[in-house]
Amino acid sequence: MDLTYPPEAEQFRKEIRSWLEENLPDGWFDEGFELTGGERKAFNEAWPSKLYEGGWICAAWPPEYGGKGLSTMENVVLAEEFARAKAPLRADFFGDTLVGPTILQWGTEEQKKEFLPKILNGEMAWCQGFSEPNSGSDLASLKTTAIRDGDEWVISGQKVWTTQAQFADFCFLLARTNPDATKHKGISYLLVPMKQDGIEVRGITQPDGTAEFNEVFFDGARCPIDNVVGGIDNGWVVANTTLSHERGMSATTGYRRFAQELDLMVGRAKANGRIDDPLVRQGLARYHTKIQILRINGLRSLTATLHERKDPAVAALGATNKMFWSEMHRDAMELALDIFGPASMLTDTQPDDGGWPATARSKGREGYPVSQMMSAFFFSRSETIWGGTAEIQRNIVGERVLGLPREPKPPTS
């Protein structure tokens, strides 16, 4: 495998690095640099505007829709440099990573002009309305309905596990628009305004006291007829485009946050003597090995993309990737809990965890000061569920990749 990048990609890397050095806070690249709570808040508020001005949000999109039209290799280099600098590369995950690319592929020209600019400049926040109380893994059994009333859809039903719904301006929602069709048919993909009568958002409190997940109730909520993406009753096909983005990880950067966690775990184990436990050492070695597997598989995926390969091995790699990293991380966070020890679970202590990667979450409710490590531990429990459960991913691998018989269905009464 040739791991060298072409000269033009390396030149582009220098351009990105220079921009980051000019726009990140002074001292960002110094060893041991940390922002205070107030500085972090100010940075998070100002950074999306800087990204937008630099043209880095969705930079692979065509220029006519606000992107830079980057090639695959340029986009990879962009992600690598931001990951290496530990600098955020998105404004709104649901907008620029999920619904934005879906509108780009399936939307009408009018929809692209209306929604894409507002996604890029951070003017419009989004949430995802897919899962329902009885339609999680079997998403196509959803019961939420959208009935046409003149120039509008009237929406009734319930969604659950709707992250950031309390802040969202719009929801990209699956609703049944043809009750007489089979369950995978008759579903439409709607763009629904959230700030209206007929929509109630209720937070679901998590173990650390946060409530970023929500239940959302629709009782006569409305959206324009023209807010259907990809055609009426074609929502299942369109939704799979969105899910493909949710289940993916950046080919050559996904492993980096796990490597940062490993370094913190090794450092703590050395400091408190847990490194002398052979089971802890074995667990750390196992995590290191799996991180390297994830890194190499990322390079394999990138190679397949660059060469436009679509052979069975590529399909198998894509089907197993999300299942692999989510289960790997769940197990690693259980190891982290063992290393940090029982004191990490006390509510009157916050162990110094060195700035745990990817934990911009709050510390929880008042009186429950959860450390960043514990916050990451709690969140890891959800990673094998969202974006496709590990159990369903195993069915996909078994049936679609290995060609095994389909899973038996329970008898219907």
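Any value given below was found using the heavy atoms of this structure, including those in side chains, with hydrogens, waters and symmetry copies removed.
- Looking at N214 and T162, their side chains never bring a donor and an acceptor atom within 3.5 Å of each other.
- Summarising the geometry of W153 relative to P224, their closest heavy-atom pair is CD1-O, 3.6 Å, with the distance given to 0.1 Å.
- Counted by atom type alone, T102 and T242 present one or more donor-acceptor pairs between their side chains at under 3.5 Å.
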Review point. Does the pair E200 and K159 meet the rule for a salt bridge (Lys or Arg N to Asp or Glu O under 4.0 Å), with working shown?
Key: CA-CA 10 Å; E200 180 184 358; K159 298 295 179 178; over 6 Å; no
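- Neither side chain, Q292 nor Y255, offers a donor N or O lying under 3.5 Å from an acceptor on the other.
- Ring to ring, W28 and F43 are close: their centroids are under 6.0 angstrom apart.
- Every pair passing side chain to side chain donor-acceptor pair (under 3.5 Å) that includes a residue from residues 53-72 is listed here, sequence neighbours excluded: Y65-E109, S71-E74.
- Atom OG1 of T241 is separated from atom CH2 of W236 by 12.0 Å, given to the nearest 0.5 angstrom.
- With sequence neighbours left out, R274 forms a side chain to side chain donor-acceptor pair (under 3.5 Å) with D277.
- Qualifying side-chain contact (heavy atoms from CB on, under 4.5 Å) partners for A390, counting only residues two or more places apart in sequence or in other chains: M323, E327, T384, R394.
- In this structure, R13 pairs ionically with E80, as a charged nitrogen and a carboxylate oxygen lie closer than 4.0 Å.
- Nearest heavy-atom pair across S380 and H329 is CB-ND1, 3.9 Å.
- Screening V229, N178, I232 for a side chain to side chain contact (heavy atoms under 4.5 Å, CB included) with S188, the sole residue that qualifies is I232.
- Within the 3.5 Å criterion, the main-chain N or O of S131 finds no donor-acceptor partner in the side chain of S135.
- Under the 3.5 Å distance criterion, with hydrogens and angles disregarded, no donor-acceptor pair is assigned to the side chains of Q158 and E132.
- The two atoms that bring L20 and A87 nearest to each other are CD2-CB, 4.1 Å, heavy atoms only.
- Two residues are said to be in side-chain contact when any heavy atoms from C-beta on lie closer than 4.5 Å; R330 and R381 meet this criterion.
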